[in-house]
Undergrad: 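The structure's right below; bear with me while I get my questions together.
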Protein chains: 2
Amino acid sequence: MSLSNNTIERICRIYGYLEYLEKNNIEYASSKEFAGIVGTTDYSVRKDISSLGLTGFSRRGYAVKLLKDQLGEKLKLSRTIKTCIVGLGKLGTAILDYESFRDDGFNMVAGFDSSINKIERIHTPIEVFPVGQLEDIVKQRSIELGIIAVPPVAAQDIADKLIKGGVKGILNFSPVRIAVPEEIVLHNMDFTAALRFVAARF
Amino acid sequence: MSLSNNTIERICRIYGYLEYLEKNNIEYASSKEFAGIVGTTDYSVRKDISSLGLTGFSRRGYAVKLLKDQLGEKLKLSRTIKTCIVGLGKLGTAILDYESFRDDGFNMVAGFDSSINKIERIHTPIEVFPVGQLEDIVKQRSIELGIIAVPPVAAQDIADKLIKGGVKGILNFSPVRIAVPEEIVLHNMDFTAALRFVAARF
DNA sequence: TTAGTTTAGTGAAAATATTCACTAAATAAT
DNA sequence: ATTATTTAGTGAATATTTTCACTAAACTAA
Ligand SMILES: NC(=O)c1ccc[n+]([C@@H]2O[C@H](COP(=O)([O-])OP(=O)(O)OC[C@H]3O[C@@H](n4cnc5c(N)ncnc54)[C@H](O)[C@@H]3O)[C@@H](O)[C@H]2O)c1
Ligand SMILES: NC(=O)c1ccc[n+]([C@@H]2O[C@H](COP(=O)([O-])OP(=O)(O)OC[C@H]3O[C@@H](n4cnc5c(N)ncnc54)[C@H](O)[C@@H]3O)[C@@H](O)[C@H]2O)c1
């Protein structure tokens, strides 16, 4: 019962929508509605959900709160995941300060930068450290997920350090390919590739 | 000869890598090398490239400059694409100031925000306008691609205005589903979904 | 009660995507 | 000159994903 990346991606989007529905006290939603949200068909949504062994209700659809909890359970999203960000430049500070991540279950517990100047000037409730302490802090605080927002040249080095510290996954915003061992989950957010992906389909 | 989204996505990533190779005066690269970059197999890369009617050279691979130009031609990426950003908050200003986009063929020609205060305070070589002028400026300057970095509640309204102004595609950073007509290309950059996509595969 | 409607569940069919197995070309090595 | 090696090109086989067609359940309305 291994899930395809497409299924995981769709479920993650649905999960976000379920949170929204829950906040708005909506109790049921149909596969068709989810399909609209993630841009697929109701068949696919039902297949995705049932492939996790979860079920809905005839004529009412899926129970929002129940499904959210069950999906969270299955995909290990309901627990809070300790996260850090490396590179506190323009993009990094935007991410550092983005408060919704906490609601979404990602607890930003540290920021790192190589510039002491920057670290001293930064004004945020989150603790920030010089990059030299990266590995230690990641270990100490059991940080599971690292976000990379350093210039491309530094990205591989930072990834290596995050991995030594023990992170299980990396979200990389720098536009370079990073090499990681098998067991580490890597996902790239390549803005330029995304812009091209749009422009290529005009 | 319509390309799948997977193919387009891979080609966009390869295109970025070709730019890097070109800058470093590397003349040839193999399908295997591209496969490593985009995380697929050499077979798939060759299929992708040949599905566009493009070819390489036995025993040398693909000619970097030639392939880049040809892919650029086929996917309409070689021309410069006029782009604007709406919402000049933390994320929006980071994107506004990100200079690599220009090298990558995206010319940021305008920024918009609803806060006059913000517009007056912003310090950037790119022209910024109150959001009331959005539709007109997009028309006047023939902006083809709009980036949305406003709070979720405003996202649909901004999308509607961008479309009225005539953009062909939208890159949406707000974590909500936006409705657009068939002919408009929409792509969502949902950071939370990306974090979840990583965490779900730990 | 009965007929109609909505929506989930699901095996089968169809469509799509990937991988394989093989050919051919170019070059290097012996 | 011959053999070996590397790498692209590609039709066929395989695998995966999506869609379809149908069933069943739950509820509504007549
Ligand atoms: N700003 C954007 O909109 C944008 C868009 C797409 C991609 N990116 C990518 O995101 C990354 C960050 O972009 P940015 O605009 O914030 O750049 P930036 O220059 O504003 O910030 C980079 C930060 O990284 C720090 N840094 C440099 N080397 C480091 C190291 N070895 N360890 C720790 N910190 C280090 C710098 O001190 C700086 O604070 C870059 O890779 C960039 O290509 C940015
Ligand atoms: N900061 C992040 O790291 C981050 C991460 C993920 C998603 N996002 C999303 O990106 C968007 C922007 O985030 P941010 O952190 O930059 O927020 P922000 O509050 O810093 O900036 C939002 C900006 O939009 C402007 N704005 C509000 N309504 C507008 C309207 N109708 N027209 C034009 N401008 C308007 C505001 O004046 C402000 O400058 C949000 O949707 C947010 O959810 C941000």
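Here is the naming used below: chain letters follow the sequence lines, and residue numbers restart at 1 for every chain. When reading the values below, keep in mind they use all heavy atoms of this one structure, side chains included, and skip hydrogens, waters and symmetry mates.
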Undergrad: What nucleic acid atoms does B:Thr7 come within less than 4.0 Å of, heavy atoms only: base, sugar-phosphate, or nothing?
TA: nothing
Undergrad: Any idea which of C:dA26, D:dG9, C:dT19 is nearest the B:Ser58 side chain?
TA: C:dA26
Undergrad: For D:dC27, take OP1 and OP2 only and decide whether either is under 4.0 Å from a side-chain N or O of A:Arg60.
TA: yes
Undergrad: In this structure, how many angstroms lie between the C1' atom of D:dA26 and the OH atom of A:Tyr28, rounded?
TA: 11 Å
Undergrad: Tell me, what's DNA chain D's dot-bracket, Watson-Crick or G-U with both distances under 3.5 Å, | for other-strand, [ ] crossing?
TA: ||||||||||||||||||||||||||||||
Undergrad: With a cut-off of less than 4.0 Å, is there a side-chain N or O of A:Tyr43 near OP1 or OP2 of D:dC20?
TA: yes
Undergrad: Report yes if a side-chain nitrogen or oxygen of A:Asn6 is closer than 4.0 Å to either non-bridging phosphate oxygen (OP1 or OP2) of D:dT18; otherwise report no.
TA: yes
Undergrad: Of the nucleotides D:dA26, C:dA8, C:dT19, which one has an atom closest to the side chain of A:Arg59?
TA: D:dA26
Undergrad: Closer to the 5' end of DNA chain C via nearest nucleotide, is it A:Gly61 or B:Thr41?
TA: A:Gly61
Undergrad: Between A:Phe191 and B:Phe173, is the ring centre distance below 6.0 Å?
TA: yes
Undergrad: From the set D:dA8, C:dT27, C:dT10, return the single nucleotide nearest to any side-chain atom of A:Arg46.
TA: C:dT10
Undergrad: Do the numbers put A:Arg201 on top of the ring of A:Phe197, so that NZ or CZ is under 6.0 Å from the six-membered ring centre and no more than 45° off the axis?
TA: yes
Undergrad: Got a donor-acceptor pair under 3.5 Å from the side chain of A:Lys47 to the base of D:dT19?
TA: yes
